[in-house]
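Order of listing sets the numbers, starting from 1, for every ligand and every atom in it. In this chain, residues are counted from 1 in sequence order.
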Amino acid sequence: MNKTPISRKSFIRLAAMLGAGSAIASVLSACSGGGQGSSGSDDEQSTQASGGGGDTTTAQAAGPDVSSGQVIAQESEVPANSALAFIDTDLGQPGVLVHLSSGDFVAYSAVCTHRGCTVSYQPQTQQLACPCHGSVFDPTHDAAVVQGPAATPLAKIDTELQSGKVILT
Ligand code: FES
């Protein structure tokens, strides 16, 4: 039991070091807690981003921005049973030009009448489908609702075929 005497000066230095260590530990703890809070915030943001659901994956080519009188596409650019997405700048909305298997071209607003998600053409079913809540529209019958929850057809966009070009009218 060998007791080493400690000077007042050494005691004060040791106490200062312990105090500093404690302060650093407190700061690190606070930072760590803040990090968790920040991380939680990031989680909320990513949940919000993925929960938005407004954006959709389209099963069709992306076309141009067009206004009335302009060409949406050359007839040859859109094979039968396929579609081309475009922006109708007059309406300020996405549209979808569908080349039906019959050979006719039809165009509709791509804005789902349920809650506004973007529909896309499905060649397998030859219908326009909304990825948000499952509404389905029939492009061969004025985009009539085949399956809800949408209750009304997609809005028709008038087009005309002139010299092998599909024109927004
Ligand atoms: Fe299209 Fe709901 S937004 S089905």
Side-chain angles (χ1 to χ4, degrees), residues 30-169:
C31 287
S32 170
Q36 285 172 351
S38 173
S39 164
S41 176
D42 289 347
D43 288 347
E44 286 171 20
Q45 287 172 359
S46 66
T47 300
Q48 287 168 355
S50 64
D55 199 12
T56 61
T57 304
T58 57
Q60 65 222 353
D65 291 7
V66 290
S67 61
S68 185
Q70 292 186 315
V71 175
I72 301 173
Q74 301 286 330
E75 187 178 8
S76 58
E77 292 173 338
V78 188
N81 192 28
S82 73
L84 180 75
F86 65 95
I87 301 295
D88 183 330
T89 57
D90 295 333
L91 299 175
Q93 287 185 356
V96 57
L97 174 68
V98 182
H99 191 173
L100 302 173
S101 295
S102 66
D104 292 336
F105 281 89
V106 289
Y108 301 99
S109 166
V111 179
C112 179
T113 55
H114 178 229
R115 291 200 184 157
C117 291
T118 304
V119 304
S120 62
Y121 184 69
Q122 309 297 312
Q124 305 88 345
T125 59
Q126 301 187 12
Q127 293 175 329
L128 292 157
C130 179
C132 290
H133 312 100
S135 290
V136 177
F137 305 88
D138 182 357
T140 64
H141 292 93
D142 295 327
V145 176
V146 174
Q147 176 181 304
T152 55
L154 299 171
K156 188 168 175 52
I157 294 177
D158 292 327
T159 60
E160 211 171 88
L161 189 58
Q162 289 180 7
S163 306
K165 297 172 185 168
V166 183
I167 297 170
L168 185 67
T169 57

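- Between C130 and C117 the SG-SG gap reaches or exceeds 2.5 angstrom.
- The two residues I157 and G95 make their nearest non-hydrogen contact at CD1-CA, 4.2 Å.
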message: Walk me through whether T140 and Q126 qualify under side-chain contact (heavy atoms from CB on, under 4.5 Å).
response: CA-CA 9 Å; T140 64; Q126 301 187 12; 5.8 Å; no
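- Inspection of the E160 and T169 side chains reveals no N or O donor paired with an N or O acceptor under 3.5 Å.
- By the 30° and 60° cut-offs, the orientation of the rings of H133 relative to H114 is perpendicular.
- Atom 1 (Fe) of ligand 1 has C112 SG, C130 SG as protein N, O or S atoms under 2.8 Å away.
- Minimum heavy-atom separation, I87 to P94: CD1-CA, 3.9 Å.
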